[in-house]
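Below is one structure, written out as structure tokens; the observations come after it.
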Amino acid sequence: MSSPALARTRRAFPPGFLWGTSGAAYQIEGGNVGSDIWVLEHVKPGIFAAPSGDAADSYHRYAEDIALAAALGFNSHRLSIEWARIEPARGQISRAALDYYRGVLKTCRKHGLAPVVTFNHYSVPAWFAAAGGFAQPDGARIFADYCRIVTEHMGDLIAVAATFNEPNVATVVRWDGSLAKYKPIIAAVQKAAGAATGAPDWASPLLAGESQHAAIADAHAAAYAAVKLASANRLPVGITLAVPADRPAGPDSGIARKNAEMLDRWLAGPGDFVGVQSYTGSAVGPDKDLPHAPEEELTQMGYAFRPDAIEGAIRLVASRTKRPIYVTENGVATEDDTRRIAYIKGAVAGVERCLADGIDVRSYIHWSLLDNWEWMSGYRPKFGLVAVDRETFKRTPKPSAKFLGGIARAGGL
Ligand code: BGC
């Protein structure tokens with residue numbers, strides 16, 4: 001038996017542990033005019049505080065971003081591929097777009113960053129949404145074909161692949177909080193996008209909620225098989241899930257039960273790992289969030305400031321599956337970078353405790369490298385380790401970037 005002193009000096013983070021930052025194409029590239037979200041941004045009623053526009057212009061500045069991430073001390077980089085660029089019309093594949101993303105991945109490799117690649121981070125091609133999204137006949141096959149083509153073209157450069165980012169998010173969103181204002185108009189926004197494009201069956205998966213979940217689970221299974229085959233079984237393939245670290249107020253929390261069932265449903269599909277993403281958690285009663293305690297610190301998203309969330313999320317997932325866990329997102333929206341540093345410190349310590357308890361955690365990937373376009377909330381929330389000037393796109397690392405980069409370099413706190 002090892003003494004506590006020995007246990008303390010043993011390194012919890014194993015060699016090969018991935019330290020990185022995470023981004024999504026639609027939120028940073030800019031100009032994703034072929035994607036469904038672009039259509040949603042330009043109809044009325046609208047739900048976006050600001051259009052994505054040029055975003056962080058990472059489409060043109062990716063080499064600078066990747067070099068910066070590497071210089072900060074990371075060894076991994078999570079990014080997503082914008083499907084609408086690869087397949088701008090159904091069945092029409094852009095060789096130039098495939099080459100572009102191959103160039104992005106090559107740049108990661110050149111800088112020693114292992115690419116964690118997501119095939120779908122919410123947005124889909126507008127033509128795909130117009131035809132009903134994943135619920136259209138053949139939706140799963142169309143998505144799996146796209147994943148296969150990407151894998152054939154650049155799979156040799158990918159380290160870890162995720163089919164979907166948080167397809168479960170609609171289940172964990174509770175509409176009694178800061179999102180309540182969007183709920184009544186979501187159906188109208190989908191309808192307006194359909195009217196604008198002459199597509200009565202329009203369904204943007206991001207807004208379609210649980211109605212697309214069964215179809216997305218099928219699409220995940222088809223894509224999993226396609227990527228495994230196209231990579232000759234080399235690539236670890238999984239899904240990333242939004243995992244709230246709730247605090248049930250009593251023994252019979254319907255929400256806690258619903259979340260556990262939700263996890264089990266998604267974990268029933270194929271996967272070599274689970275991507276765990278957590279930001280916060282709420283005190284929950286039997287069927288809804290309880291109001292934040294008056295003394296509770298809130299982030300720019302209106303979430304409780306919960307550096308312990310990722311530990312709770314990892315432990316919850318580990319209690320339901322033996323699959324390895326990659327932390328693929330965790331972070332905080334704040335203008336006060338000292339709070340980000342405090343958040344990171346708490347979060348990384350929590351991951352370390354999970355490892356010390358024998359849970360197979362393989363990465364800590366922070367959301368996000370850059371301040372970026374935060375969906376409905378536009379550009380207000382600041383999740384970035386690096387600030388981006390909205391006029392010049394100049395990148396300025398914040399102290400938290402050096403802090404987390406230092407942890408990455410040292411291999412732990
Ligand atoms: C999503 C990101 C988002 C982040 C912060 C995650 O749920 O995957 O796209 O920006 O949360 O809200």
Side-chain angles (χ1 to χ4, degrees), residues 20-30 32 35-37 40-41 47-50 52 55-56 58 77-83 116-124 162-174 177-179 182 204-207 209 216 238-246 259 262-263 266 274-282 298-307 309-310 313 317 326-335 340 343-344 347 363-386 388 400:
T21 59
S22 188
Y26 199 87
Q27 295 176 266
I28 59 171
E29 284 180 355
N32 269 311
S35 297
D36 65 327
I37 310 288
L40 299 179
E41 285 177 27
I47 44 168
F48 301 102
S52 57
S58 289
H77 193 61
R78 178 170 178 245
L79 58 100
S80 74
I81 298 202
E82 197 66 14
W83 179 6
V116 177
V117 172
T118 309
F119 290 102
N120 174 272
H121 197 118
Y122 297 151
S123 49
V124 297
T163 55
F164 283 93
N165 178 71
E166 296 189 352
N168 67 323
V169 73
T171 317
V172 306
V173 161
R174 256 103 60 196
S178 54
L179 292 171
Y182 301 117
S204 274
L206 179 63
L207 301 187
I216 292 178
I239 203 162
T240 78
L241 296 173
V243 186
D246 290 330
N259 278 342
M262 170 277 293
L263 282 177
W266 288 102
V274 190
V276 174
Q277 313 195 157
S278 192
Y279 291 82
T280 188
S282 310
L298 300 184
T299 73
Q300 283 181 307
M301 299 297 282
Y303 305 157
F305 180 86
R306 292 274 309 274
I310 197 65
V317 171
Y326 286 78
V327 172
T328 38
E329 283 185 31
N330 171 247
V332 61
T334 178
E335 288 281 3
R340 191 179 337 275
Y343 188 97
I344 290 171
S363 69
Y364 177 79
I365 300 183
H366 190 79
W367 185 274
S368 182
L369 179 66
L370 304 175
D371 283 340
N372 61 43
W373 187 73
E374 176 55 32
W375 310 107
M376 276 101 121
S377 309
Y379 286 100
R380 197 181 74 89
K382 301 289 189 283
F383 277 99
L385 298 172
V386 175
V388 177
S400 57

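The analysis underlying the following values was restricted to heavy atoms, covering all of them including side chains, and did not include hydrogens, waters or symmetry mates. In listed order, ligands and their atoms are each counted from 1.
At the top of the distance list for atom 3 (C) of ligand 1, counting protein heavy atoms only, stands Glu374 OE1, 3.6 Å. Looking only at heavy atoms of the protein, atom 6 (C) of ligand 1 is closest to Glu329 OE1, 2.9 Å. The protein atom (non-hydrogen) at minimum distance from atom 7 (O) of ligand 1 is Glu166 OE1, 2.6 Å.
The atoms of ligand 1 that sit less than 4.0 Å from any heavy atom of Phe383 are 5 (C), 12 (O). For ligand 1, the atoms lying closer than 4.0 Å to a non-hydrogen atom of His121 are 1 (C), 2 (C), 8 (O), 9 (O). Using a 4.0 Å cut-off to heavy atoms of Tyr279, the atoms of ligand 1 that qualify are 4 (C), 5 (C), 6 (C), 11 (O).
Contacts with ligand 1 closer than 4.0 Å are made by side-chain heavy atoms of Asn165 only, the backbone lying farther away.
Tyr26 places a side-chain heavy atom less than 4.5 Å from the side chain of Trp373. You'll find the side chain of Arg340 reaches within 4.5 Å of the side chain of Leu385, heavy atoms only.
No option in Thr328, Thr240, Leu263, Val317 other than Val317 meets the side-chain contact (heavy atoms from CB on, under 4.5 Å) test with Val274.
Looking only at distances, no side-chain donor or acceptor of Asp246 sits under 3.5 Å from a matching main-chain atom of Pro244.
Between Phe383 and Tyr279, the ring planes are perpendicular. Angles over 60° get that label, and only those under 30° would be called parallel.
If you check the side chains of Ser35 and Glu82, you find a donor sitting under 3.5 Å from an acceptor.
On a distance-only criterion, Tyr303 and ligand 1 share no N/O pair closer than 3.5 Å.
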